[in-house]
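All remarks here apply to the structure that follows.
Whatever order the structure lists them in is the order used to number ligands and atoms, beginning at 1.
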Amino acid sequence: MIFRQLFDQTSGTYSYLLASRRGGEALIVDPVLEKVDRYLQLMRELDLKLVKAVDTHLHADHITGLGALRDRTHCITVMGEQSGVDVVSMRVTEGDKLQIEGIALDVLYTPGHTDDSYSFLMGDRVFTGDTLLIRGTGRTDFQNGNPRAQYESLFGKLLRLPDETLVYPAHDYKGDTVSTIGEEKAFNPRLQVKSVDEYADLMNNLNLPNPKMMDVAVPANMRIGLAQEEVRRKGWAVTAEEGLALLDRPDIVLVDLREPRERERHGTIPGSLSAPYPDLQDNVRAGGMLHELAARTGKRVVFYCAYGERSAMAVQAAQDAGIGAACHIHGGLDAWRKVNGPLAP
Ligand SMILES: [Fe+2]
């Protein structure tokens, strides 16, 4: 198991790099834009392949590294379902599992600091974002923050984890690096309240100044989506509407890049083949499943995913691997739904 806690001094942000083994797949939680070169260097040194980059919530105090990491590693960007960002590759919700090779994180919806705040539980440790900090809790006075929702997230969810669970927050300004649920229950001054009203009162009277970076960071973090326009300009995209007309054509094959849990939850385009994005390189190289399929049948490969990010990256990879006719559905299943495209369970 590889576990690294990385620190950005400017914003006091902790980022976490996880992998089950050297040479394997990696996931990063709450990466900071200015530190992206450092993360990439460390991953090269440890021989890791970044497959997922996750933000616990929309940050107001630093610019996220999600977009830059996706552009440089073609990883999947992940945020919660409620997040207002323009595009991420994948959205998760309470009860989901966030998986890479050898690691599965339980997804906990823990709103309050923001309405898109999530925590991620990995066995003996929990990544609490800004919901639970060491001897503190994330402020609740902007970005749809809500002290009552936060009280529920803390007392109803996080504090019910075993006392020895390690707490890894998104921030610390005092230099503390880790705590435990038991320790926070006993010593976190914000948690020594008797009721939700008392907690709301406490949080509503903090009178904190806005974060220095807020006016820059929030708008920047709202627009982290992949520029799918470039793929469209190359003629490698169809709109969802054009996709409808392709449905029953014998000369195309629709390829769904999403993971099993996403397919279960949102349905699939009828007749599509499943080939999850993490296996893409194996599938498109010469001898790979999609490469052979395209070569043997002459069919045009049409990729799709949730929002068009993974599929836009897949088209590029397929084209690079010599699958010349490959294209994708611009905007993904999200766009498909808007034109009332049919879905199979
Ligand atoms: Fe935050």
Protein N/O/S count near the Fe ion (ligand 1) (criterion: distance under 2.8 Å): 3
Both conditions, 6.0 Å and 45 degrees, for the charged tip of R190 above the ring of Y151: are they met here? no
Can you confirm if the NZ or CZ of R125 lies within 45° of the ring axis of F3 and under 6.0 Å from the centre of its six-membered ring? yes
Counting only N and O atoms by type, is there a donor-acceptor contact under 3.5 Å from the side chain of R223 to the main-chain atoms of D86? no
Taken to the nearest 0.5 Å, the spacing of T114 OG1 from N146 CG works out to 11.0 Å
Would you check if there is a donor-acceptor pair between the side chains of Y118 and Q82 at a distance under 3.5 Å? yes
Check for a donor-acceptor pair, side chain of E259 on one end and backbone N or O of P276 on the other, with a separation under 3.5 Å. no
